[in-house]
Amino acid sequence: MSTPNAPTAICPFSGAAVPAAEAAEAPQVAPAATNGAGVAAPVADWVTIPDLYTNPFPIYQRMRSESPVHWVPAVNRYMVTSYAACHEIEQDEARFSADEKNSLMKRSMGHSMLRKDNPEHQVDRDSYGATLRPGTIKKHWNEIFAANHEKYLGELLAKGPGADFVWDYAAPYTAENLRLICGFHNSTQEDLQRWSQTLIDGTGNYADDPEIWAKAAVSSAEVDAAIDEMLPVLAKKPDHSLLSGLASMPIPLEAIRANLKMTIGGGLNEPRDVLATTVWALLKNPEQLEAVRNDPKLHAVAFEESVRWVAPIGMYPRETTQDGVLEGVHLAAGSRLGVVLGAANRDPKVFEDPEAFNIFRPKKPHLGFGGGVHFCAGTWIARAQVAQIAMPALFDRIPDLRLDPSAASVDAGWVFRGMTKMPVTWG
Ligand code: HEM
């Protein structure tokens with residue numbers, strides 16, 4: 001995304017920018033009587049979108065210490081911040097549906113697997129076949145990721161000290177990987193970056209801004225055309241891509257289009273952001289960087305700690321299907337929830353000294369890749385392209401990589417969080 005993490009409220013997908021004022025559209029009813037089933041959620045009227053955008057973590061600390069669930073007027077939904085409550089939601093799709101009503105994501109991208117419940121969801125998920133699985137990554141993708149990495153690391157080096165780690169390297173590298181994973185042999189990595197940004201902007205277009213819809217529609221049409229062109233080509237000459245597998249499957253074209261658009265929106269920014277955040281954290285913690293250099297197995301540990309520490313998808317939506325109680329808090333049927341992974345991953349009930357980036361902490365499962373039936377289908381691809389390929393090669397080729405002391409790095413966002421600026425230097 002060219003302007004990821006712009007000041008936001010919430011989008012139904014997990015992250016598009018929504019000006020605070022627009023989040024008030026279609027207001028839900030604030031918590032009232034509980035009929036004795038659980039307590040009413042406290043109202044966090046002190047939470048503001050700009051504060052969340054700048055640094056959500058002190059806000060999450062306060063929220064978690066007060067209650068696992070709050071009604072947050074600024075985002076017009078309940079925010080769930082404890083590890084236990086987020087985990088409970090992920091494991092129970094009968095009570096917590098992914099198929100949110102009035103979803104702008106469906107309007108922008110179509111009805112993808114991410115907004116379907118089972119059994120419909122599983123049909124779409126199975127249609128992705130083996131493309132994103134560990135065996136295919138090992139046999140096929142790792143070599144391609146390594147070649148892509150060589151190219152984009154070369155471009156960073158050619159740009160010279162002062163280059164931006166995110167926009168001159170991590171973004172094109174991860175976009176090019178995703179282009180090939182999807183099978184868009186008729187498109188460029190720049191197309192993927194543009195599609196991703198504009199489609200995600202559409203999913204957050206609560207203001208009904210016609211310009212945003214127009215750009216999303218152009219991208220949507222471009223993706224449809226690219227898919228239409230590639231399906232017959234790949235049916236004749238298959239490869240390991242998603243579109244190649246889909247070309248020989250009895251899956252409606254409508255579902256193929258929606259799933260690919262969702263994957264373009266969700267499979268590009270997250271590896272980009274986790275790559276930059278991990279390297280940023282290591283450069284700021286030289287003793288941990290030294291340990292990683294001395295033991296290459298620790299690249300994977302640093303990656304996982306980074307996804308825990310700053311969840312690239314900080315929040316995603318769910319909707320209650322029935323009246324019920326979550327961690328002692330009453331929720332009426334039809335309540336809109338934000339599952340705040342960024343807060344759950346720093347819950348002190350689970351992680352000791354949770355605010356610290358610490359690759360030596362005891363290993364415990366984080367929620368950064370979601371869980372339950374929607375557990376991220378790209379987890380292994382993300383680990384491979386970032387921890388296995390990019391990080392070792394990067395520190396090997398630029399051993400004296402440093403944050404540029406003359407230009408500050410910026411980390412921002414809460415629905416999506418990552419580095420928006422990260423000038424680096426060497427030599
Ligand atoms: C570090 C990188 C990544 C993180 C942190 C991440 C995180 C997530 C999360 C939290 C979800 C669940 C959202 C929800 O339940 O609403 C998800 C779903 C998904 N992700 Fe990822 N993701 C990453 C990389 C990728 C990549 C690289 C791809 C594809 C190439 C991908 C494809 C998907 C798909 C297809 C789903 C939908 C799964 C389903 O509905 O069954 N992700 N991801």
Side-chain angles (χ1 to χ4, degrees), residues 10-15 86-87 89-91 93 96-100 103 105 109 111-118 120-129 131-133 136-137 141 145 170 173-184 192 196 203 240-243 255 258-278 300 303-319 337-342 344-345 366-387 390 415-418:
I10 184 171
C11 98
F13 172 46
S14 300
C86 289
H87 186 57
I89 292 171
E90 288 181 338
Q91 300 305 320
E93 66 160 346
F96 303 101
S97 170
D99 192 359
E100 209 185 30
S103 160
M105 182 194 186
M109 301 181 176
H111 198 171
S112 75
M113 68 176 93
L114 201 56
R115 290 287 157 270
K116 289 181 183 173
D117 295 322
N118 278 341
E120 292 80 10
H121 155 267
Q122 198 60 43
V123 176
D124 283 14
R125 173 120 180 177
D126 290 347
S127 76
Y128 269 21
T131 298
L132 306 177
R133 299 216 185 115
T136 315
I137 295 169
W141 294 123
F145 295 161
Y173 166 60
T174 49
E176 178 63 2
N177 290 343
L178 188 66
R179 183 179 76 81
L180 298 171
I181 291 163
C182 290
F184 286 117
L192 269 283
S196 174
T203 67
H240 294 275
S241 67
L242 290 171
L243 281 171
N259 286 325
L260 261 291
K261 285 170 201 167
M262 179 272 290
T263 303
I264 292 166
L268 196 161
N269 307 334
E270 289 71 27
R272 177 199 70 200
D273 289 346
V274 77
L275 175 52
T277 300
T278 313
F303 170 92
E304 228 56 57
E305 169 62 356
S306 172
V307 177
R308 180 203 70 81
W309 185 57
V310 179
I313 293 184
M315 180 171 78
Y316 63 74
R318 288 292 184 268
E319 191 167 297
L337 313 181
V339 183
V340 190
L341 302 182
N345 276 355
H366 62 74
L367 303 183
F369 287 108
V373 302
H374 294 281
F375 178 75
C376 175
T379 305
W380 302 275
I381 285 272
R383 285 179 182 145
Q385 59 179 307
V386 176
V415 179
F416 281 145
R417 188 164 177 91

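Each ligand, and each atom within it, is numbered from 1 in the order the structure gives. Not measured: the values here are computed from a predicted model.
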Closest to atom 16 (O) of ligand 1 (judged by heavy-atom distance), picking from Met113, Lys116, His374, Arg318: Arg318

message: Tell me the nearest of Ser112, Pro271, Cys376 to atom 25 (C) of ligand 1, using heavy-atom distances.
response: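 Nearest option to atom 25 (C) of ligand 1, by heavy atoms: Cys376.
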
message: With the threshold set at under 4.0 angstrom, would you say His121 reaches ligand 1 through any of its heavy atoms?
response: yes

Specify side chain, backbone, both or neither for [X], according to which of its non-hydrogen atoms lie closer than 4.0 Å to ligand 1.
{"X": "Leu341", "value": "side chain"}
{"X": "Ile313", "value": "side chain"}
{"X": "Met262", "value": "side chain"}
{"X": "Leu178", "value": "side chain"}
{"X": "Tyr316", "value": "side chain"}

His121 to Lys116 - nearest heavy-atom pair and separation: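 The answer is CB-O, 3.4 Å.
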
Just jot down the ligand 1 atoms closer than 4.0 angstrom to any heavy atom of [X], in number order.
{"X": "Gly370", "value": "10 (C)"}
{"X": "Gly368", "value": "5 (C), 7 (C), 10 (C)"}
{"X": "Ala382", "value": "1 (C), 2 (C)"}
{"X": "Pro312", "value": "5 (C)"}
{"X": "Val373", "value": "41 (O)"}
{"X": "Arg125", "value": "38 (C), 39 (C), 41 (O)"}
{"X": "Gly267", "value": "26 (C), 27 (C), 28 (C)"}

field: Worked verdict on Val373 versus Asp117 for side chain to side chain contact (heavy atoms under 4.5 Å, CB included)
entry: CA-CA 9 Å; Val373 302; Asp117 295 322; over 6 Å; no

task: Look at Glu304 together with Arg383 and state whether they make a salt bridge at an N to O cut-off of under 4.0 Å.
output: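 Looking at Glu304 and Arg383, the cut-off is met.
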
Answer yes or no: is there a donor N or O on one side and an acceptor on the other, between the side chain of [X] and the main chain of [Y], under 3.5 Å?
{"X": "Asp124", "Y": "Ser112", "answer": "no"}
{"X": "Thr131", "Y": "His240", "answer": "yes"}
{"X": "Arg272", "Y": "Ala170", "answer": "no"}

message: Run Val386 and Leu275 through side chain to side chain contact (heavy atoms under 4.5 Å, CB included) and show every step you take.
response: CA-CA 6 Å; Val386 176; Leu275 175 52; 4.0 Å; yes

Tyr128 N/O to ligand 1 N/O under 3.5 Å: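 There is no such contact.
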
N/O separation below 3.5 Å, Glu270 to ligand 1: no

Side-chain donor-acceptor contact under 3.5 Å, Tyr316 with Glu100: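 Note: Tyr316 and Glu100 side chains miss the donor-acceptor criterion.
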
message: Using 30° and 60° as the class boundaries, would you call the ring planes of Phe145 and Trp141 parallel, tilted or perpendicular?
response: parallel

message: Under the criterion side chain to side chain contact (heavy atoms under 4.5 Å, CB included), I'd like the reasoning laid out for Phe96 against Glu90: C-alpha separation, chi angles, the key distance, then a yes or no.
response: CA-CA 8 Å; Phe96 303 101; Glu90 288 181 338; over 6 Å; no

- prompt: Given the rule in the side chain to side chain contact (heavy atoms under 4.5 Å, CB included) test, do Asp99 and His111 qualify, once you have shown the distances and angles that lead to the verdict?
  reply: CA-CA 9 Å; Asp99 192 359; His111 198 171; 3.6 Å; yes

